[in-house]
Amino acid sequence: MALHNLKIIVYDGGKAGDGIFSGSSNDKGESGTGDNKKSLLYKVLNYNSTIRNKVKQSTSPTTFFAVQQGVSLAVQTGREAINYFVSDIGRANGDSNYQAIVNRKIEKATDVLSIGQGALSGAAAGAMAGPVGAAVGAAVGAISSGISLGFKYAEREREYQHTMFKENTSQAYQLARANYSAYTGRVR
């Protein structure tokens, strides 16, 4: 049995190593922490992790966890409050069709954002392969979200066609049962 040296390289979402924003690497495979993490472009593109790291450095782990949970709770409360007030528009105006229109516009915006979110998550997953991987990942993520939305709307169309078939059949049955014709004098 022979022992072999094993070298493990860990990629941090394309931000270290061979990724887009990699610094100079030494021969041990460690990424450099030169000026690239201090640049404005890096801070803007990675604002979430930059803010999180600053807060982590200045607070204790318990305080950081409490702040993180507080922010998560505030975001959830904000979303639910917006949903609550938007969902009451139709009742407040006495118009359920208006509520349906508002809900549809919100759904359209959410669907467009989901394609963008799919592209971003695909780019993040492909970023470990460099800029080409990020571009391919973004394309695959956007296509994947588009396919999901396509099936969602196809299912919705099929359900609508089935509902219309049932309503038309029910209407024809009710008219036939009521002997609805010009000869019986029931046409008004």
Side-chain angles (χ1 to χ4, degrees), residues 10-22 37 39-56 64-171:
V10 178
Y11 291 99
D12 182 21
K15 296 175 187 161
D18 293 333
I20 298 170
F21 300 107
S22 64
K37 289 193 178 186
S39 72
L40 180 62
L41 177 64
Y42 180 86
K43 289 180 181 179
V44 168
L45 293 176
N46 300 295
Y47 70 93
N48 197 10
S49 62
T50 304
I51 292 170
R52 184 178 295 129
N53 289 338
K54 291 282 186 183
V55 171
K56 268 186 183 180
F64 176 72
F65 178 73
V67 168
Q68 186 178 16
Q69 293 304 315
V71 167
S72 176
L73 183 63
V75 167
Q76 179 184 3
T77 303
R79 286 181 181 165
E80 293 299 324
I82 290 169
N83 187 32
Y84 175 77
F85 288 113
V86 166
S87 67
D88 195 40
I89 288 174
R91 186 200 60 79
N93 293 315
D95 188 0
S96 60
N97 286 333
Y98 181 60
Q99 180 65 51
I101 291 168
V102 169
N103 288 344
R104 182 66 184 125
K105 287 186 181 196
I106 291 171
E107 185 181 11
K108 283 180 183 178
T110 304
D111 289 346
V112 169
L113 290 175
S114 73
I115 291 176
Q117 186 178 10
L120 286 175
S121 62
M128 69 182 200
V132 174
V136 170
V140 169
I143 290 170
S144 174
S145 288
I147 289 171
S148 176
L149 285 174
F151 278 109
K152 172 185 165 183
Y153 286 114
E155 177 68 28
R156 185 176 286 173
E157 176 66 22
R158 183 169 59 185
E159 183 180 340
Y160 172 76
Q161 294 298 330
H162 181 68
T163 302
M164 291 306 296
F165 169 76
K166 288 193 313 187
E167 287 180 5
N168 289 337
T169 304
S170 175
Q171 182 183 20

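In this chain, numbering begins with 1 at the start of the sequence shown. Side chains included, hydrogens not; waters and symmetry mates left out as well; all remaining heavy atoms used.
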>> For a quick check under 3.5 Å, do D95 and Q99 share a side-chain donor-acceptor pair by atom type?
In response: no
> Under the salt bridge (charged side-chain N to carboxylate O under 4.0 Å, His left out) test, which residues partner R104, sequence neighbours left out?
Replying inline: E107
> With sequence neighbours excluded, what pairs up with V102 under the side chain to side chain contact (heavy atoms under 4.5 Å, CB included) test?
Replying inline: V86, I89, Y98, I106
> Partners of A125 by side chain to side chain contact (heavy atoms under 4.5 Å, CB included), sequence neighbours excluded?
Replying inline: none
> Among pairs that include at least one residue of residues 126-149, which meet side chain to side chain donor-acceptor pair (under 3.5 Å), considering only residues two or more places apart or in two chains?
Replying inline: none
>> Quick one, N168 with Q171, criterion side chain to side chain contact (heavy atoms under 4.5 Å, CB included). Give me CA distance, side-chain angles, the key distance, then yes/no.
In response: CA-CA 5 Å; N168 289 337; Q171 182 183 20; 4.2 Å; yes
>> According to side chain to side chain donor-acceptor pair (under 3.5 Å), who are the partners of E155, at least two apart in sequence or on a separate chain?
In response: R158
> Considering residues, nucleotides and ligands other than E159, do more than 12 of their heavy atoms fall under 6.0 Å from its CD?
Replying inline: no
>> Can you list everything that forms a salt bridge (charged side-chain N to carboxylate O under 4.0 Å, His left out) with D111? Sequence neighbours excluded, please.
In response: K152
>> So for atom OH, which belongs to Y160, do other residues, nucleotides or ligands contribute more than 12 heavy atoms lying within a distance under 6.0 Å?
In response: no
> Looking at residues at least two apart in the chain, or sitting in another chain, which of them share a side chain to side chain contact (heavy atoms under 4.5 Å, CB included) with E167?
Replying inline: T163, M164
>> Please enumerate all residues that pass side chain to side chain contact (heavy atoms under 4.5 Å, CB included) together with I101, with sequence neighbours excluded.
In response: K105
>> Applying side chain to side chain donor-acceptor pair (under 3.5 Å), can you list everything that pairs with Q161, at least two apart in sequence or on another chain?
In response: E157
> Does anything in residues 138-149 pair up under salt bridge (Lys or Arg N to Asp or Glu O under 4.0 Å), and if so which pairs, sequence neighbours excluded?
Replying inline: none
